[in-house]
Protein chains: 2
Amino acid sequence: MRLSKRGEYGLRAMIVLAEPVEKNTMPVVQIKEIAQREQISPKFLEQILLSLKNAGMLHSKMGVGGGYYLARSPSEITLGQIFRVLDGPVAPIKCVSQMSYEPCGCPDEQTCGLRLVMGDVRNAIADILDNTSLADVTRRQISVRKKLGIE
Amino acid sequence: MRLSKRGEYGLRAMIVLAEPVEKNTMPVVQIKEIAQREQISPKFLEQILLSLKNAGMLHSKMGVGGGYYLARSPSEITLGQIFRVLDGPVAPIKCVSQMSYEPCGCPDEQTCGLRLVMGDVRNAIADILDNTSLADVTRRQISVRKKLGIE
DNA sequence: ATAAAGTCTATAGTACTAGTATACTTTTAG
DNA sequence: CTAAAAGTATACTAGTACTATAGACTTTAT
């Protein structure tokens, strides 16, 4: 039940990119900066951000002073959307996927016990990921920092 | 966020092995029978059941009329236990794993937004898997069959 | 004794993961 | 107008995990 590095790095990067928007500073951030902050190979991150761009979630500016920035407001981008671009369906097994269903090999899908439970799991995961926006994450980070009294 | 074939087949097999116990018939079932019913390569299933046996969840009887049977009552075996034997930790990312924690590369774990959300995801999954026993699955299958009025 | 069944270990093909490399295009500063 | 900064795009690779398959062995019922 693991998140790939691709997915992990992409999510981290998007969270970083949401920060300046919330702070009302210049939203354009360079790959290099994100890579450094989050300890990611810049070249690998490049690929990931490109996928996200091609999926319409990021825009970019070329040339000197360029970089990436969110295509929509942080409150309109959910972790579920990002996850699906990078790691595919949320469902643990294809036969319970809403977005990309495929039959699994069980004798009778309707009464398959595993399918029933995995359907619950899928819904639990999707509930969290689809109802958590980048803005929610940023807000949560800030509140944790406050609670710790640091920074 | 996928369940491996290993995990899928193992869970299916355990659900099959729980049925006769609930029905109070002879609990010993052969690999071949499970493999046929669930469309699994018998040799692959063999390995999987062996792992489950070595983990203490199954017993077996060799020789003619032999086969596998549950080591404990279906109500005492949870899907979470089975899953962890076959697929490892439930957590999507190591730094939120209860059973086998490892730090991830983020700059500050306490305030890492991704970690906070993935912690929620882990808990949601574990909640379901650790609170669903094989007996629960069997019960649920029966109730679905009744609702459909079939069999 | 023999056949049915599980045990155990090795190995092989394939796909996926996580990253490198390289050659390009666009943009801005000077 | 050109050099450097930055993104674009694609190809490649080493390693690992996944999904089995194979074969030799052990135990047990009849």
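In what follows, chains carry the letters A, B, and so on, assigned in the order in which the sequence lines appear, proteins first and then strands, with residues in each chain numbered from 1.
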Fill in: SB check A/Arg37 A/Glu19 (cutoff 4.0 Å)
yes
Worksheet entry | Residues in contact with DNA chain C, drawn from residues 90-104 of chain B - heavy-atom cutoff 4.0 Å | none
Item to complete: Evaluate the side-chain proximity of A/Met1 to B/Val121: yes if any heavy-atom separation is below 4.5 Å, no if none is.
Response: no
Worksheet item: Hey, quick one: are A/Leu114 and B/Ile142 part of the same hydrophobic cluster, counting side-chain heavy atoms closer than 4.5 Å, chains of contacts allowed?
Response: no
Discussion item. Contact between B/Leu70 and B/Leu134 at the side-chain level, heavy atoms closer than 4.5 Å - yes or no?
Written reply: yes
Worksheet entry | Atom-pair distance (CD on A/Gln30; C1' on D/dT8), nearest Å | 16 Å
Worksheet item: Listed in order of residue number, which residues of residues 31-38 of chain B have a non-hydrogen atom at under 4.0 Å from DNA chain C?
Response: B/Ile31, B/Lys32
Worksheet item: Hey, is the side chain of A/Lys53 poking within less than 4.0 Å of OP1 or OP2 on D/dG7, counting only N and O atoms?
Response: no
Item to complete: Would you mind reporting whether A/Leu52 and A/Leu86 have side-chain heavy atoms less than 4.5 Å apart?
Response: yes
Practice prompt. By nearest nucleotide on DNA chain C, pick out whichever of B/Leu50 and A/Leu3 is the more 5' one.
Written response: B/Leu50
Distances under 3.5 Å between protein N/O atoms and the N/O atoms of nucleotides 19-23 of chain C, please, pair by pair.
{"unit_1": "C/dT20", "atom_1": "OP2", "unit_2": "A/Ser41", "atom_2": "OG", "d": "3.3"}
{"unit_1": "C/dT20", "atom_1": "O4", "unit_2": "A/Gln47", "atom_2": "NE2", "d": "2.5"}
{"unit_1": "C/dT22", "atom_1": "O4", "unit_2": "A/Lys43", "atom_2": "NZ", "d": "2.6"}

Worksheet item: With the threshold set at 4.0 Å, does a side-chain nitrogen-carboxylate oxygen contact exist between B/Arg2 and B/Asp87?
Response: no
Practice prompt. Name every residue in residues 56-73 of chain B that has at least one heavy atom under 4.0 Å from any atom of DNA chain C, in order of residue number, or write none if there are no such residues.
Written response: B/Ser60, B/Lys61, B/Met62, B/Gly63, B/Val64, B/Gly66, B/Gly67, B/Tyr68
Response to the item:
Applying side-chain contact (heavy atoms from CB on, under 4.5 Å) to B/Leu116 and not counting sequence neighbours gives A/Arg140, A/Val144
Practice prompt. Quick one: pull up CG in A/Leu3 and NZ in B/Lys94 and give me the separation to the nearest 0.5 Å.
Written response: 11.0 Å
Discussion item. Quick one, B/Val90 and B/Arg84 - any side-chain contact, counting heavy atoms below 4.5 Å?
Written reply: yes
Worksheet item: Transitively linked via ILVMFWY side-chain contacts under 4.5 Å: A/Met62 with A/Leu50?
Response: no
Item to complete: Just grab all the side chain to side chain donor-acceptor pair (under 3.5 Å) pairs involving residues 105-118 of chain B, residues at least two apart or on different chains.
Response: B/Tyr101-B/Glu109, B/Asp108-B/Thr111
Response to the item:
From CD1 of A/Ile48 across to P of D/dT8 the rounded distance in Å is 14 Å
Fill in: Length of the CG-P vector between A/Leu45 and D/dT8, whole Å
12 Å
Discussion item. With no hydrogens and no angle check, just 3.5 Å: does a side-chain donor-acceptor pair link A/Ser133 and A/Asp136?
Written reply: yes
Worksheet item: Just wondering, do A/Arg122 and A/Gln98 contact through their side chains at under 4.5 Å, heavy atoms?
Response: yes
Discussion item. Using whole Å, what does the distance between atom C1' of nucleotide C/dT17 and atom CD1 of A/Ile40 come to?
Written reply: 15 Å
Discussion item. Tell me the interatomic distance from B/Leu86, atom CG, to D/dA20, atom C1', rounded to whole angstroms.
Written reply: 15 Å
